[in-house]
Trainee: 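Just passing along the structure, written as structure tokens.
So you know, we letter chains A, B, ... as the sequences are listed, proteins then strands, and number each from 1. Values in this document were obtained by computation on a predicted structure and should not be read as measured data.
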Protein chains: 2
Amino acid sequence: MVVMIENFASLDLKEYVDKLRDAIAHKKLIVMYVRCRVEYEGRSASKLEVGDRILIIKQDGAVLVHRPTGYSPVNWQPETTYIDVKLEGTKILLKAIRRSPREILNVEIEKVYGLTIGELHDTGTFYELLDESDIRDILAHYPELIEENSVTIDVEKRVEPGFIDLYLRGKNGEIIVVEIKRVKASISAVKQLKSYIDALSKHLPKERIKGVLVAPEATNSAIEACEKLGIRFKKIALDKIVELKRKLMEEKRERTLLDYLKS
Amino acid sequence: MVVMIENFASLDLKEYVDKLRDAIAHKKLIVMYVRCRVEYEGRSASKLEVGDRILIIKQDGAVLVHRPTGYSPVNWQPETTYIDVKLEGTKILLKAIRRSPREILNVEIEKVYGLTIGELHDTGTFYELLDESDIRDILAHYPELIEENSVTIDVEKRVEPGFIDLYLRGKNGEIIVVEIKRVKASISAVKQLKSYIDALSKHLPKERIKGVLVAPEATNSAIEACEKLGIRFKKIALDKIVELKRKLMEEKRERTLLDYLKS
DNA sequence: GGCTAAATCTCGTGC
DNA sequence: GCACGAGGTTTAGCC
């Protein structure tokens with residue numbers, strides 16, 4: 001597969017407009033170096049005064065305006081339903097409109113320093129290792145990592161204020177409500193957990209209910225809040241979880257093979 | 001100010017490496033069309049199989065790997081402390097390292113379809129209209145929009161679980177705790193407000209305390225929760241707030257002028 | 001589509 | 001530097 005990137009510079013604005021229209025119509029990838037102003041109106045509203053930026057129009061119509069520094073685009077539009085480009089006086093006006101929510105992005109380009117147009121093919125799989133649901137599933141298999149002799153009753157159990165990550169039954173019959181964080185747990189995680197415990201207490205007044213916050217670490221205020229509310233903070237080592245994930249996946253592979261041989 | 005965008009194609013990988021190193025050393029803006037693999041390890045870990053992407057290195061060292069579609073980069077590194085580029089066999093290895101948190105991004109480039117190098121100057125101011133603090137300040141000036149004959153006592157008042165957006169005194173002497181959301185309020189906003197009310201009730205047992213949730217709209221479950229907890233949901237029209245903001249700013253300008261004339 | 005919660009969230013602010 | 005909260009958050013998952 002050969003990928004050709006066309007490069008344009010020093011064209012008239014009118015010629016740039018034609019190139020852009022053609023590229024958008026053919027769902028090409030466009031990268032432009034421009035001097036521009038930007039206005040946005042939709043969920044919020046913003047105005048960006050004139051300056052030099054990169055303007056990217058992706059193959060699905062996503063529009064990104066990037067300043068020369070920083071991670072995030074200063075303005076953008078997700079896959080838009082409609083992109084219009086036109087010449088108005090000595091400026092190119094690019095309008096990217098999205099319905100639902102109704103949002104309009106206007107880019108007023110007064111100079112084009114460079115334009116590249118290409119078409120990229122990207123089917124490469126993206127693997128993410130160890131997100132929160134991984135940790136949750138592993139702990140559901142090994143609840144003893146949280147509390148000895150406990151048994152997993154439910155995962156992502158729906159209660160009135162939201163979803164309980166893990167719902168265990170302890171060795172003395174008590175209910176254990178587990179909130180998991182992949183990164184440092186802050187006060188909001190404790191609040192979240194507390195609201196689940198409260199909701200359950202109201203619903204099951206006769207049960208003894210315990211809360212456990214599981215995370216690799218926690219802020220001081222989160223730890224204090226736990227102590228005050230009688231919630232246990234259980235520290236977990238992420239590398240151990242990674243190890244157990246590998247083990248679980250191997251077991252799963254073996255089981256699948258066994259099922260196949262049996263059938 | 002003239003901006004020159006250099007464009008390169010069909011170079012040897014070795015030549016690309018030299019161009020990249022030079023551009024990075026001089027804090028230039030780099031945009032590259034590449035066929036690459038990516039590995040990330042740090043706060044999380046991920047692996048991206050081979051495909052065609054845009055690789056952007058910004059003037060502050062931020063690195064973005066964008067697929068040909070979608071809003072967000074598939075991999076990235078914020079301003080990195082260190083970027084290393086080297087040739088290894090038939091591949092360019094780009095390593096972007098950040099300390100604190102320790103994160104490593106490895107981009108393994110096997111083909112370069114195009115490379116542009118430039119330097120952009122962007123000092124344009126970005127104005128954001130109507131964020132949550134704007135709404136809060138306007139409602140602090142016009143508390144009657146929330147509750148007739150009420151008076152603003154405090155803004156961002158610190159209580160144990162966090163900050164109360166607006167703290168009013170009603171016409172019958174009751175305390176009014178206001179939680180503001182710029183967008184549709186969900187159950188978590190109600191929870192937040194409830195926790196403030198509870199904390200205040202404990203602290204000021206003799207006061208009558210009312211809660212008001214202010215937002216342009218709310219989810220059904222948020223409205224239900226409000227009803228159950230005796231919290232009022234006050235719908236606000238954002239365009240009205242915008243109008244009042246303009247008015248407030250004009251008044252402020254006039255006051256400033258008056259002060260100037262007096263002095 | 002609405003709702004809920006995670007995210008390599010990012011970004012700003014305050015301490 | 002940490003902690004906390006807003007965001008045009010975006011994205012994924014479920015109903």
Side-chain angles (χ1 to χ4, degrees), chain A residues 38-46 62 65 70-79 98 100-105 126 128-136 156 158-165 179-189 191-192 196 217-224, chain B residues 38-46 48 62-65 70-79 96 98-105 126 128-136 156 158 161-163 165 179-189 191-192 217-224 238:
Chain A
V38 189
E39 277 184 21
Y40 159 77
E41 207 176 315
R43 283 169 293 175
S44 173
S46 69
V65 181
Y71 161 84
S72 358
V74 60
N75 279 109
W76 70 93
Q77 197 70 291
E79 316 114 81
R98 176 194 196 189
S100 182
R102 178 76 178 175
E103 297 185 293
I104 300 178
L105 183 70
F126 180 73
E128 174 94 52
L129 311 174
L130 209 66
D131 59 14
E132 202 191 84
S133 65
D134 287 326
I135 301 176
R136 186 238 295 147
E156 288 291 291
R158 183 87 180 94
V159 288
E160 209 277 299
F163 295 86
I164 294 174
D165 287 337
E179 176 63 31
I180 300 167
K181 290 291 162 205
R182 192 184 48 79
V183 292
K184 185 184 272 200
S186 79
I187 192 85
S188 64
K191 286 185 196 171
Q192 204 177 335
Y196 299 152
E217 48 180 341
T219 65
N220 283 335
S221 61
I223 291 171
E224 280 166 31
Chain B
V38 188
E39 276 183 22
Y40 160 77
E41 206 175 316
R43 284 168 292 174
S44 174
S46 69
L48 174 65
V63 179
L64 306 173
V65 180
Y71 161 83
S72 15
V74 60
N75 280 109
W76 71 92
Q77 193 73 291
E79 315 114 84
R98 175 197 198 188
R99 291 136 171 42
S100 183
R102 178 79 178 173
E103 297 186 294
I104 301 177
L105 184 71
F126 181 72
E128 175 93 51
L129 312 173
L130 211 65
D131 58 16
E132 201 190 83
S133 65
D134 288 326
I135 301 176
R136 187 237 296 144
E156 287 293 291
R158 182 91 181 90
F163 294 86
D165 287 336
E179 174 64 30
I180 300 167
K181 289 293 161 205
R182 192 185 45 81
V183 291
K184 185 184 271 201
S186 79
I187 190 85
S188 64
K191 284 187 204 169
Q192 205 177 331
E217 48 179 341
T219 64
N220 283 334
S221 62
I223 291 170
E224 280 166 31
L238 285 190

Trainee: Between A:G162 and A:S100, name the one whose nearest nucleotide on DNA chain C is closer to the 5' end.
Mentor: A:S100
Trainee: Whole-Å distance between D:dG8 P and B:D134 CG?
Mentor: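 Rounding to the nearest Å, CG of B:D134 and P of D:dG8 are 11 Å apart.
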Trainee: What interatomic distance, in whole Å, is found between P of D:dC4 and the corresponding atom of D:dG8?
Mentor: 23 Å
Trainee: Is there a side-chain contact between A:R43 and the phosphate of D:dT10, meaning an N or O under 4.0 Å from OP1 or OP2?
Mentor: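 A:R43 to D:dT10 OP1/OP2: side-chain N or O found under 4.0 Å.
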Trainee: If you check the B:I187 side chain, which of C:dT4, C:dT8, D:dG8 turns out closest?
Mentor: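 Minimum distance to the B:I187 side chain belongs to C:dT4.
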Trainee: Using centres under 5.5 Å plus planes under 30 degrees as the test, is A:F163 stacked with C:dA5?
Mentor: no
Trainee: Within the 4.0 Å heavy-atom criterion, would you say A:S46 contacts the bases, only the backbone, or no part of the nucleic acid?
Mentor: nothing
Trainee: Side chain of A:Q192: nearest nucleotide among D:dG8, C:dA6, D:dC2?
Mentor: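 So the side chain of A:Q192 is nearest to C:dA6.
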Trainee: Which whole-number value in Å describes the distance from B:R158 CZ to C:dT13 P?
Mentor: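 These atoms are roughly 18 Å apart.
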Trainee: For A:E103, is there an ion pair with A:R98 - N to carboxylate O distance below 4.0 angstrom?
Mentor: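 The answer is yes: the pair qualifies as a salt bridge.
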Trainee: Looking at B:K184, I'd like to know whether one of its side-chain N or O atoms comes within less than 4.0 Å of OP1 or OP2 on C:dC3.
Mentor: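 Answer is yes, contact under 4.0 Å.
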Trainee: Which one, D:dG8, D:dC4, C:dT8, comes nearest to the side chain of A:P78?
Mentor: D:dG8
Trainee: Between A:F126 and B:K191, which has a closest nucleotide on DNA chain C that is more 5'?
Mentor: B:K191
Trainee: If I take atom OG from residue B:S44 and atom CZ from residue A:R182, how far apart are they, to the nearest 0.5 angstrom?
Mentor: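 One finds 5.5 Å between OG of B:S44 and CZ of A:R182.
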Trainee: Under 4.0 Å between a side-chain N/O of A:S72 and OP1 or OP2 of C:dC11, yes or no?
Mentor: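 For A:S72, the contact criterion (side-chain N or O under 4.0 Å from OP1 or OP2 of C:dC11) is met.
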Trainee: Measure from CD on B:E132 to C1' on D:dG8 and round the result to the nearest Å.
Mentor: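 Rounded to whole Å, this separation is 14 Å.
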Trainee: Roughly how many Å apart are D:dC14 and C:dT8, using the C1' atom of each and rounding to a whole number?
Mentor: 25 Å
Trainee: OP1 or OP2 of C:dT10 sitting under 4.0 Å from any side-chain N/O of B:W76?
Mentor: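 For C:dT10, OP1 or OP2 has a side-chain N or O of B:W76 closer than 4.0 Å.
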Trainee: Assign B:E128 to base, sugar-phosphate, or nothing according to its heavy-atom contacts below 4.0 angstrom with the strands shown.
Mentor: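 Sugar-phosphate, backbone atoms only, no base.
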Trainee: Which atoms form the tightest heavy-atom contact between A:E156 and A:F163, and what is the distance?
Mentor: O-CD2, 3.5 Å
Trainee: Between C:dA5 and A:K181, is there an OP1 or OP2 to side-chain N/O distance shorter than 4.0 Å?
Mentor: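 For A:K181, the contact criterion (side-chain N or O under 4.0 Å from OP1 or OP2 of C:dA5) is not met.
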Trainee: Look at the side chain of A:N75 and the base of D:dG8, then say whether one donor and one acceptor between them are separated by less than 3.5 Å.
Mentor: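 When only heavy-atom distances are counted, A:N75 does reach the base of D:dG8 through a donor-acceptor pair under 3.5 Å.
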Trainee: Taking B:D165 for the side chain and B:I180 for the main chain, is one N or O donor matched with an acceptor at less than 3.5 Å?
Mentor: yes
Trainee: With a 4.5 Å cut-off on side-chain heavy atoms, are B:L48 and B:N75 touching?
Mentor: yes
Trainee: Please indicate yes or no: is the ring centre of A:Y71 less than 5.5 Å from the centre of the six-membered base ring of C:dT10, with the two planes inclined by under 30 degrees?
Mentor: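 Ring-base stacking flag not set for A:Y71 and C:dT10.
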Trainee: Please determine if a side-chain N or O atom of A:R182 lies less than 4.0 Å away from the OP1 or OP2 oxygen of C:dA6.
Mentor: no
Trainee: Under 4.0 Å, heavy atoms only, any strand: does A:E103 hit a base, just the sugar-phosphate, or nothing?
Mentor: base
Trainee: For a quick check of understanding: with a heavy-atom distance under 4.0 Å over all strands, which category does B:E79 fall into, base, sugar-phosphate or nothing?
Mentor: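 Since no nucleic acid heavy atom lies under 4.0 Å of B:E79, the category is nothing.
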Trainee: Could you pull out the closest heavy-atom pair between B:I187 and B:T219, with the gap in Å?
Mentor: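 For B:I187 versus B:T219, the nearest heavy atoms are N-OG1, 4.0 Å.
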Trainee: Tell me whether the OP1 or OP2 atom of D:dC4 has a side-chain N or O from A:T219 closer than 4.0 Å.
Mentor: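 Affirmative; the distance criterion is met.
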